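I have placed the structure first, in the form of structure tokens, so that the comments after it can refer back to it.
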Amino acid sequence: MCGIVAYVGPKQAYPILINGLKKLEYRGYDSAGIALLNSSLNVYKTKGKVSELENFVKDVDLRGTIGIAHTRWATHGEPNQANAHPHYSQSREIALIHNGIIENYGLLRKELETRGYTFQSTTDTEVLTNLIEDIKNNEHVSLFDAVRIALNQVIGAYAIVVISYDDPDTLIAARKGSPLVIGIGKDDYYVASDATPIIEYTKNVVYLDDEEVALIQRSSDLKIKTIRNQEKTPYVQQLEMNLTALEKGGYEHFMLKEIYEQPFSIKDSMRGRLHTELGTVSLGGIVDFEPKILAASRIIIVACGTSWHAGLVGEYLFEDLARIPVEVEYASEFRYRNPVINESDVVIAISQSGETADTLAAIELAKSKGATILGICNVVGSSIARATHGGSYTHAGPEIGVASTKAFTAQVTLLTLMALRMASLKGTLSRTRYMQILHALELIPEKVAQTLILSKKTVYEVAEKFKDVRNFLYLGRGYNFPVALEGALKLKEISYIHAEGYPAAEMKHGPIALIDEDMPVVFIATNKGTYDKVVSNIQEVKARKGQVIAIVTEGDTIVKGMADYIIEIPETEEMLVPLLATIPLQKLSYHIAVMRGCNVDQPRNLAKSVTVE
Ligand code: M6R
């Protein structure tokens with residue numbers, strides 16, 4: 001939520017800042033702003049997207065070699081110009097950008113008001129800006145110390161960058177709970193919410209830790225202290241990200257590109273981990289924790305949104321293959337419901353961004369109770385990756401489209417590998433069965449590529465036929481139940497059509513009342529597990545004149561005779577079907593959203609990483 005970019009060095013800051021904002025726009029896009037320091041400190045901001053900011057500043061003097069910029073996802077105050085960042089302090093000598101929520105801002109604001117401060121916005125950020133100014137003036141401290149002292153008074157989450165007219169060579173950056181990366185160039189510094197705006201300039205980065213404040217000065221070494229004034233040595237890491245991964249590469253949208261990347265991203269998730277020739281699975285990041293997992297009374301999976309759906313597939317996998325009991329929890333519920341957690345529990349946190357606030361809080365809670373925490377994250381160096389005891393990266397590459405696609409299939413791939421590894425250690429599968437699954441998994445990237453081709457024509461026809469409906473139902477059973485949930489989520493988030501996912505057998509306990517000739521029902525009806533039962537559910541829908549769109553195994557004849565539309569996917573093992581069946585559902589949502597004129601990569605009200613509660 002919210003994208004932050006800042007620059008100080010010999011180059012002109014504006015082009016770096018505006019390009020950086022474009023790369024971070026997936027994090028929030030309801031308003032955008034920029035502050036540049038030359039002979040004065042100038043803030044320009046506007047409601048709407050970064051392109052609107054570009055338009056807004058086209059006639060102003062944009063010179064300056066130091067600046068900060070922000071693209072916002074509103075938390076406090078509606079998305080309008082006044083609430084957009086950067087925020088000036090009362091004297092207009094300080095400007096600040098912020099990602100996060102200052103929970104005690106109301107109290108701080110009241111105190112500042114009694115000292116004569118007035119406010120131009122309804123944001124928590126403007127309160128922090130004035131608090132810093134107040135401390136700087138009254139305690140006669142440097143800007144760095146004023147920021148540090150102010151942050152000691154703040155309750156909540158923040159990633160901030162501060163710039164001041166009095167300090168034309170200095171940026172102050174700090175974080176707690178929201179990510180911030182500092183790029184170290186030859187003679188300049190870059191700051192951003194993630195590494196994507198930095199990678200084209202430098203690969204040397206420092207990830208700030210919680211409660212750290214960085215003093216970033218032109219022609220000086222980077223200095224870091226904690227908010228309690230303890231010196232820290234900056235730990236410089238090398239970025240491994242590839243610049244082309246951040247481009248659309250000829251596709252109309254990032255989402256489409258990411259859907260088509262899945263044969264490769266799934267392969268990357270398995271690389272060096274799946275050794276079919278040896279009959280082994282090795283996951284370096286969890287190897288030390290395998291005895292813990294084997295001894296665990298249960299695994300608790302915590303996640304949100306699409307990652308939670310991957311977690312549900314994980315539940316089926318761990319129980320089915322390795323016979324380990326699993327509970328899958330919405331992180332947002334888990335953190336507040338006083339759950340029973342023991343030292344023998346293993347918690348797996350799943351997150352694409354590695355920054356989701358609820359998932360992070362669930363991790364902290366489980367950690368405080370002594371549980372072992374493993375992470376499955378896509379973003380290297382992210383907060384969740386660092387907060388966990390161990391875990392594995394999905395290696396799906398940067399996912400820019402707000403709707404998660406390749407991250408989901410990579411998460412499911414990793415969970416499959418983990419479950420298989422545990423199954424081999426526990427001996428819960430015969431060697432023959434284990435090897436069959438390993439071989440089938442190895443073939444999945446190829447089969448995803450086939451699915452993309454096989455489903456192309458029909459998915460497009462189905463999208464054209466149903467693009468104007470108001471409701472959709474998605475039904476599946478067993479491993480395909482989470483697929484139904486994920487299909488429905490994909491459709492609603494990017495096309496704004498109301499969609500529900502259900503276990504197919506639950507239909508008769510309520511949703512069946514919705515079925516009439518206008519209701520499209522997507523069945524995931526592949527040929528294993530409860531296939532016969534799902535066939536009966538299809539008949540129940542047809543008997544009520546519902547329109548059936550069925551995802552079936554290639555060559556299916558039974559469902560073909562009943563459904564209105566058939567989308568075929570290649571044959572595979574039952575537990576691997578989610579990796580294939582999800583693909584046409586992603587494409588269906590994509591086409592419907594495009595046909596409805598929706599902004600596919602940046603759907604309304606959403607942001608890619610949800611760093612607030
Ligand atoms: O980054 P995370 O995986 O932790 O994000 C969790 C959800 O916010 C995310 O999956 C969200 O539901 C996506 N927009 C779904 O496409």
Side-chain angles (χ1 to χ4, degrees), residues 1-2 26-29 73 99 177-179 193-194 196 253-256 258-259 262 265 301-314 328-335 347-363 375-388 391-394 396-412 414-415 474 482-483 485-496 499 501 582-583 585-590 593 598-613:
M1 321 230 105
C2 301
Y26 70 87
R27 300 179 68 89
Y29 31 81
W73 187 88
N99 170 20
S178 298
S193 298
D194 70 37
T196 51
H253 298 98
F254 279 110
M255 183 182 175
L256 190 61
E258 287 155 9
I259 290 173
Q262 290 175 105
S265 52
I301 296 181
V302 291
C304 303
T306 287
S307 298
W308 185 82
H309 296 156
L312 273 187
V313 181
V328 188
E329 301 265 2
Y330 284 115
S332 53
E333 286 299 309
F334 181 78
R335 65 182 287 193
V347 172
I348 302 179
I350 308 177
S351 174
Q352 186 288 130
S353 63
E355 302 295 346
T356 303
D358 284 322
T359 310
L360 259 171
I363 290 171
I376 293 183
C377 291
N378 194 36
V379 177
V380 176
S382 56
S383 302
I384 291 176
R386 289 183 298 154
T388 45
S392 296
Y393 285 114
T394 41
E399 191 180 65
I400 312 288
V402 165
S404 192
T405 52
K406 63 175 179 172
F408 173 79
T409 47
Q411 290 164 345
V412 172
L414 255 186
L415 288 160
Y474 287 71
V483 176
L485 293 180
E486 177 58 9
L489 175 63
K490 266 326 58 102
L491 185 71
K492 66 187 137 196
E493 71 178 324
I494 61 167
S495 73
Y496 319 139
T582 309
I583 310 287
L585 301 185
Q586 296 169 344
K587 283 179 68 187
L588 179 63
S589 323
Y590 172 80
C598 299
N599 187 336
V600 172
D601 284 336
Q602 295 170 348
R604 72 182 177 207
N605 306 338
L606 290 176
K608 184 71 183 163
S609 70
V610 185
T611 55
V612 294
E613 280 193 51

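Both ligands and their constituent atoms are indexed starting at 1 by order of listing. Here the structure is a predicted model, which means the values were calculated and not measured.
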Worksheet item: Between Tyr496 and Arg604, is there a donor-acceptor pair closer than 3.5 Å when you use the side chain of the first and the backbone of the second?
Response: yes
Worksheet, complete the sentence: Heavy-atom proximity to atom 13 (C) of ligand 1 ranks first, among Gln411, Gln352, Glu493, for Glu493
Practice prompt. Around atom 10 (O) of ligand 1, find the nearest protein heavy atom and jot down its residue, atom name and distance.
Written response: Thr306 N, 3.0 Å
Worksheet entry | Under 4.0 Å to a heavy atom of Ala403 - the qualifying atoms of ligand 1, by number | 16 (O)
Practice prompt. Just need the protein heavy atom nearest to atom 7 (C) of ligand 1, so name the residue and atom and give the distance.
Written response: Cys304 O, 3.7 Å
Practice prompt. Scan side-chain atoms only and decide if Gln262 and Thr409 contain a donor-acceptor pair under the 3.5 Å cut-off.
Written response: yes
Worksheet item: Rounded to the nearest 0.5 Å, how far apart are CD1 of Ile363 and OG1 of Thr388?
Response: 6.0 Å
Worksheet item: Which of the atoms in ligand 1, numbered in the order shown and given with their element, are less than 4.0 Å from a heavy-atom of Lys490?
Response: 15 (C), 16 (O)
Worksheet item: Taking both backbone and side-chain atoms of Ser307, is any N or O found less than 3.5 Å from an N or O belonging to ligand 1?
Response: yes
Worksheet item: For atom 4 (O) of ligand 1, which of Ile384, Thr405, Thr356 has the closest heavy atom?
Response: Thr356
Fill in: Heavy-atom closest pair, residues Pro179 and Arg27
CG-NH2, 3.6 Å
Worksheet entry | Considering all heavy atoms, the nearest Cys377-Ile384 contact | SG-CG2, 3.5 Å
Worksheet entry | Donor-acceptor pair, side chain of Tyr393 and main chain of Gly381, under 3.5 angstrom | yes
Fill in: Distance filter under 4.0 Å to Ser351 heavy atoms, resulting ligand 1 atoms
1 (O), 2 (P), 3 (O), 4 (O)
Worksheet item: Does Val402 reach ligand 1 with a nitrogen or oxygen that is under 3.5 Å from one of the ligand's nitrogen or oxygen atoms?
Response: yes
Worksheet entry | Side-chain touch Pro482/Val313, heavy atoms, less than 4.5 angstrom | yes
Item to complete: Compute the ring centroids of His309 and Phe408, then answer whether they are less than 6.0 Å apart.
Response: no
Practice prompt. May I ask you to list the atoms of ligand 1 that are less than 4.0 angstrom from any heavy atom of Ser353?
Written response: 1 (O), 2 (P), 4 (O)
Item to complete: Below 4.0 angstrom from a heavy atom of Ser404, which ligand 1 atoms are there? Numbered from 1 as shown, please.
Response: 15 (C), 16 (O)
Worksheet item: Of all the non-hydrogen atoms in the protein, which one sits nearest to atom 8 (O) of ligand 1, and at what distance?
Response: Val610 CG2, 3.9 Å
